[in-house]
Structure formats: structure tokens, C-alpha cells
Amino acid sequence: MTDFDCIVVGAGHAGIEAAHAAARIGAATCLITLGKDTIGKMSCNPAVGGLGKGQMAREIDALGGLMGLAIDATGIQFRLLNRSKGPAVRAPRAQADKYKYQDFMRLALEQTPNLEIVEALATDILAESDRVCGVRCRDGAVYHAATVIVTAGTFLRGLMHIGTEQFPGGRLGEPAANELSASLERLGLEVQRLKTGTPVRLDAATCALDRLEVQEGDAEPVPFSFLTGQIERRQTPCWITYTSEQIHQLIRDNLDRAPMYTGQIRSTGPRYCPSIETKVVRFADKDRHQVFLEPEDEARTTIYCNGISTSLPREVQEQMLRLMSGTETARIVHYAYAIEYDYCPPVQLWPSLETRRISGLFLAGQVNGTSGYEEAAAQGILAGINAARKLQDAEPIVLGRDQAYIGVMIDDLMTRGIDEPYRMFTSRAEHRLALRSDNADRRLTPIGHAVGVVGSDRHRRFEKKLADIETLKQFLHATRHEGRSLWDLLRRPNSELAEHLNEVPEIASADYADEVLEAVAVDAKYEGYLAKQQRLVDLQRNLDGKKIPSDLDYAAIEHLRVEAKEKLSAFQPATLGHASRISGITPADITVIQVHLRKHHRVEKPPRGTEG
């Protein structure tokens, strides 16, 4: 078959979620990948979650995605970060058995109705009259579709660096997609360069792990998926070691051989996940840096050295390991490397992740300048949903900043642009008290069900949870103790009632799930704060709900500042809310635009759940 509704190029974390979502909604979908054995390959750290990222992984699950189910099924160590802090900043994280994770994802896609997997190298995105119409592959095959989602990761003109060595590739042992990058340029998309890197992998049997500090997983693991009851598998430990002043001096002595410092690499890398040579230079006062030795599989075959990403020459990497406790005799399975790759600045997209220039062409993942599996998967599921909805002639789903971390990320990409790989943090979300990992389903599962990604089994389970939450809240409001309702007692600062809810006889007999008790306790504790936050959300929503015509000529708007005209013309915001968040745009600029729109245009309000 060569005629499809939707084609997804690339089967990394973005491509998996995009293809799965589009097919679940009913689009005849083709997933083009170099090989089925690379689907869901964890080319960097084999882990899911973390601060901000864990919340986003749960949002993907709440929308009906695969990531949460996959990590729950294949995780080897689970930890809830910030457990001692407030619910808003708690986040799940888990190490995966990277081989089992790939197998899970491949099998899940093979069993997805409406989805065909094609093993090929995509070279050209085909378009006619600025509308996408298909994909050509290197073997000459042409596949036709009305929508195409490009999720090429680091493959677009990928160039790897180890010392002075340079060799093309999308990741170790796999070819770069040079033709595809050139195809995007021919379609009129702007293409720029970014850089990332990965550390050495070690033969675990050759490491002296018994001498190191052990980092255990949680005794009671918190699942990622709302469909997972409990995780009862044995937890695999990680280990902690440190660099030393001797290692730092070795790095300083070899900076003239480090591509980041010789000019060999010119593109920008991730600020929040820097190479060890960058850390040594930037934090010259530090005499050591922490390194986590993390197993890549349940059998502890190989070790991922989290914290010493580098592009230094091979012999320097070997010397570093000889000087670090626990790795003195370790055998390197593969060396660390840096990789430069093409990306398309995301200001070229609509908030739906469709390109402004080519109708029906969507971009998701690192091609939009993000870093990380979770950021990629989150874009993938939204791109898949919106590609399918475009085929249905339905409004796209665009999540607001008050609805999801996914909405925060996409809004940041649309309104602020990037000059380094984008990574999600809780600090990026101004409404993070409402965007907790525990309530991702309450925020997003109704949307997933409405568009067709969330199945009936998940939705029935979700509705029961909602009903139980409401029933328990009514009981707490109606039941009094010493003149106060249990709800009021639960709201009190430092109240210990939350830890003892299940000791109330009526509650114990109802046998509520732990997630229901947790949801009610958090809702009560933060009721006042959430109400205040909601008032701010409502004010911003007024602007977010007002669309800006796509053909608006900012240069023709009287009294609008020259800088504002230039920035708004470049970013082409979809709504007044988007416009207000562009760096350098003032409230006065927004007022001028509003006056102009009232005089010359009819301002439309998008339905709730589709605005940005």
C-alpha cells in the first residue's frame, strides 16, 4: 500500500506517539523508519521522567499515549523526585531496560490498527501548491498522504565528533538524513544547527561498583501510567561516583583537542546538560562533579555514565575513567561523542505544530529544537492528534499554559523561539500548582477521549475515579468534627488528617483507591491557592481566546512600534495571548493591535481546549 492519510517519518519517541495517536483516531497511517529494531531506541540516557519531564510523561499517558505504559512495563528503578516537597514539584523518574523498552514500543505499534510500518530512509517531502502530498524514499518508493509528520531527531545532517574525528550519522552506527534536511529547505523552511552529546557506555562487569555509594529505587514505586496498578518488580540500584581535580586538570590540558573549544563545533549545546569539559571551564571553582553510573538493562550488561558527556578524544576519555573511582579498570563499550544536527526554528509553526508554509506538514521533536525523550513524545502525540483532526476538517487541539506542561512547552517554542536545545523544567510553568503529575488525567483525559485517542476502558476507569473523588469530597464537607467540617480540617496548614483519612470508618469501608485519597487531600490543601491562580488564568484566557487573522499585516497597523512590527511579523502569533508573551512585546502594543482588530477585522474566539 502506498496511499495513506498520514505519514510519520522517524520512529523515535516523537514518531511513536505521533503514529500511534493518528492511527488510534482512525487515520490510515504509515510510519517510515530505518528499521523496526530501532523503534523507540534510547540513544542517550535510558530513563524517563524527572523534574518537569515526569509531569509531561504523565500528561502523554493521560492523553492515551504509550510512554507511561512502556516505562512501567520495562523500568528497572523508580524514584519520585522531590518527595519531601509540595505536590506541584514532585515528579516521577525511572531507569529503563532500554532493550525491553524498544521491544515494548515495537510490539505496541505492530498491534495498533490502521498503522503500517515501512523500513526505508525518507529523502524527500513532496508538496504541490504549498500542500504536502507524500514522501519519497531512497529506494525510489513514493508514499502518498494528505498529512506528513517529520520526527527526524538528530538525523538531519547529523555530524558526530570524537576529538578531531568527524563522521556523518544520526546516532552511533546509523546514517544521517542529509537529503531530508535539504528537502525541508527546498520547501522554504529555515534550517539552523544545534548540538548535543552523550557519555561513554561501560561494560558493567569490568566496573568496581561495590566500592561506590549506592542509590536505591523507591520501596513503593510510583507508576507513570494511570492504568498501572502497582509495580512489583525488583529494583535495580544505581551508583554514584565523582570526578576529581586530577581529572579536571587532564581536561584542561586537552581543551585544545576538544571540538567545543577548537571551533570544530560551532552550534549551541544544551545549557542544562553540558559536557564535562564545559562544566570544568564554567565552574572552575568546583573540585569535583557528581557522576551517576546507571545500568542500561536489568541484567546490568552496560553502564551509562550520567554526568560526563564529552567529545574529547578517545584516549582522553580512557584516561578520565582510569582516574575515577569505580571505573579504573572499566572497558569502554562505546565512546562518548557530540553530535551536530539541523533543526527548524519553531516560530515557523502554528501552535498545532503544522508548518505555516506547507499545509499538512507537521514537525515534532528535536527537529523543533527541543531536547529529551519526553519533550519529543509530547510534541509527537499533539502532532499526531492534529494531523488526524486536519483530515477530519476539525479544529486543532492546542493546550493552554494553564492546561498542561505540554502547552507551556509549545507556547514557549511559538512565542520565545530558542537559541539552545529546549528542556522542560517546573520553573517554566507559572501555573505549576495546577499542573501536577497526580492530576494529569483530570486535566487531559477528557480531551484525549473526545478526540479518540483515549479508549473506552481507560475512560471508564477515569470516570469512576472522578465519581469517587466527588463522593468523598461531599462526605468531607458534610461530616463535622468539633464544629468544623472534615474538609475545613483537611485544609488547615500542617493538618495531619490527610495521612489518616483512611482511618475514618466511613472512608475505610468505602475502600477508596490511594490516588483518590491523594487527589482529595491535595485539592483541599491548595483550594485557596488554586482559586487565586484560576482568577489569573481567566484574565489571561481572555487574550488567549482571541484569534489574530493569519493574514494580518503588522506593518500597516498605525501607532505600533517598529520593534513590535518586526517581532510580530516574524513570530506570526495565533492569538493575542501568544502575542503578549513574545519577548519585547508590551501591553501597549497589545492594546494597539486590539484597537486595530476591532476597526478592521472580526475577532473569532476558538472553543475551549483548542486555544493556545
Side-chain angles (χ1 to χ4, degrees), residues 127 129-132 147 184 187-190 192 344-363 368-369 379 382-383 386-387 389-390 393-403 407-418 537-612:
S129 303
D130 293 333
R131 295 185 67 87
V132 77
T147 59
L184 293 173
L187 291 174
L189 295 178
E190 180 187 358
Q192 296 183 11
C344 296
V347 295
Q348 301 173 95
L349 304 175
W350 296 111
S352 63
L353 299 181
E354 184 180 16
T355 61
R356 295 172 183 270
R357 190 171 186 86
I358 304 297
S359 176
L361 176 60
F362 294 76
L363 306 181
N368 290 335
Q379 293 171 71
L382 259 294
N386 286 330
R389 287 180 68 78
K390 187 174 182 69
D393 198 27
E395 282 285 332
I397 297 299
V398 180
L399 300 174
R401 297 181 71 92
D402 61 305
Q403 288 178 290
V408 172
M409 172 182 64
I410 293 176
D411 187 69
D412 282 351
L413 295 174
M414 300 299 105
T415 61
R416 300 176 186 180
I418 62 163
V537 167
D538 292 340
L539 289 173
Q540 183 61 41
R541 191 178 294 166
N542 183 48
L543 291 177
D544 278 329
K546 293 181 178 177
K547 284 185 175 180
I548 296 176
S550 59
D551 59 350
L552 182 62
D553 182 4
Y554 292 99
I557 299 178
E558 289 186 70
H559 309 303
L560 190 61
R561 295 177 306 119
V562 172
E563 179 190 0
K565 290 179 180 180
E566 292 174 350
K567 288 203 168 186
L568 291 164
S569 297
F571 279 83
Q572 289 291 309
T575 68
L576 287 174
H578 281 153
S580 70
R581 292 188 290 273
I582 295 173
S583 177
I585 300 301
T586 67
D589 296 327
I590 300 301
T591 299
V592 170
I593 297 169
Q594 285 180 299
V595 170
H596 178 84
L597 291 176
R598 279 198 294 268
K599 285 183 178 178
H600 304 285
H601 296 267
R602 181 172 63 86
V603 180
E604 298 179 0
K605 287 189 176 183
R608 179 62 180 156
T610 63
E611 74 271 19

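A 4.5 Å side-chain heavy-atom check between Ser583 and Phe571 finds every atom pair outside the cut-off. Looking at Ser580 and Ile585, their side chains never come closer than 4.5 Å, going by heavy atoms from C-beta outward. In this structure, the side chains of Leu560 and Leu568 come closer than 4.5 Å at one or more pairs of heavy atoms. Under the 4.5 Å side-chain criterion, counting only non-hydrogen atoms from C-beta, Ile410 is not in contact with Val398. Contact of the Ser359 side chain with the Lys390 side chain is registered, since non-hydrogen atoms from C-beta on lie closer than 4.5 Å. Residues Gln348 and Gln572 fail the side-chain proximity criterion, which asks for heavy atoms closer than 4.5 Å. Using a 4.5 Å heavy-atom cutoff, the side chains of Glu558 and His596 are not in contact. With contacts defined as side-chain heavy-atom distances shorter than 4.5 Å, the pair Arg581/Met414 does not qualify.
Here Gln403 contributes atom CD and Ile397 contributes atom CD1; the two are 9.0 Å apart, rounded to the nearest 0.5 Å. Note: Gln379 CD to Leu353 CG = 6.0 Å, rounded to the nearest 0.5 Å. For the atom pair CG (Leu184) and CG (Leu189), the distance works out to 5.5 Å, reported to the nearest 0.5 Å.
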After noting the C-alpha distance and the side-chain angles of Arg416 and Ile582, does the key distance pass the side-chain contact (heavy atoms from CB on, under 4.5 Å) rule?
CA-CA 6 Å; Arg416 300 176 186 180; Ile582 295 173; over 6 Å; no
Using the rule given for salt bridge (charged side-chain N to carboxylate O under 4.0 Å, His left out), can you reason through Asp412 versus Arg401, listing the C-alpha separation, both sets of side-chain angles and the distance that settles it, and then say yes or no?
CA-CA 9 Å; Asp412 282 351; Arg401 297 181 71 92; 2.8 Å; yes
Is there a salt bridge (charged side-chain N to carboxylate O under 4.0 Å, His left out) between Lys547 and Glu395 once you walk through the steps?
CA-CA 13 Å; Lys547 284 185 175 180; Glu395 282 285 332; 3.6 Å; yes
Going through the distances and angles, do Thr586 and Arg561 end up as a side-chain contact (heavy atoms from CB on, under 4.5 Å)?
CA-CA 10 Å; Thr586 67; Arg561 295 177 306 119; 3.8 Å; yes
Begin with the C-alpha distance, continue with both residues' side-chain angles, and end with the deciding distance and a verdict on side-chain contact (heavy atoms from CB on, under 4.5 Å) for Leu413 and Leu349.
CA-CA 9 Å; Leu413 295 174; Leu349 304 175; over 6 Å; no
Determine, stepwise, if the pair Leu597 / Leu576 fulfils side-chain contact (heavy atoms from CB on, under 4.5 Å).
CA-CA 10 Å; Leu597 291 176; Leu576 287 174; 4.2 Å; yes
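For the residue pair Ala127 and Leu187, the shortest heavy atom distance occurs at CB-CD2, 3.8 Å. Across all their heavy atoms, Ile548 and Ala579 have their closest contact at CD1-CB, 4.2 Å. Residues Leu363 and Cys344 come closest through the heavy atom pair CD1-CB, 3.8 Å. Of all heavy-atom pairs spanning Leu361 and Val132, the tightest one is N-CG1, 3.9 Å. Of all heavy-atom pairs spanning Ala383 and Phe362, the tightest one is O-CD2, 4.2 Å. Taking every heavy atom of both residues into account, Thr415 and Asp411 meet most closely at OG1-O, 2.7 Å.
Neither side chain, Glu354 nor Asn386, offers a donor N or O lying under 3.5 Å from an acceptor on the other.
Judged by distance alone, with hydrogens and angles left aside, the side-chain atoms of Thr575 form a donor-acceptor pair with the main-chain N or O of Gly577 at under 3.5 Å.
Using a 4.0 Å cut-off between charged nitrogen and carboxylate oxygen, Asp589 and Lys565 do not count as a salt-bridge pair.
Within 6.0 Å of atom CZ in Arg357, 12 or fewer heavy atoms from other residues, nucleotides or ligands are found, so the atom counts as exposed in its surroundings.
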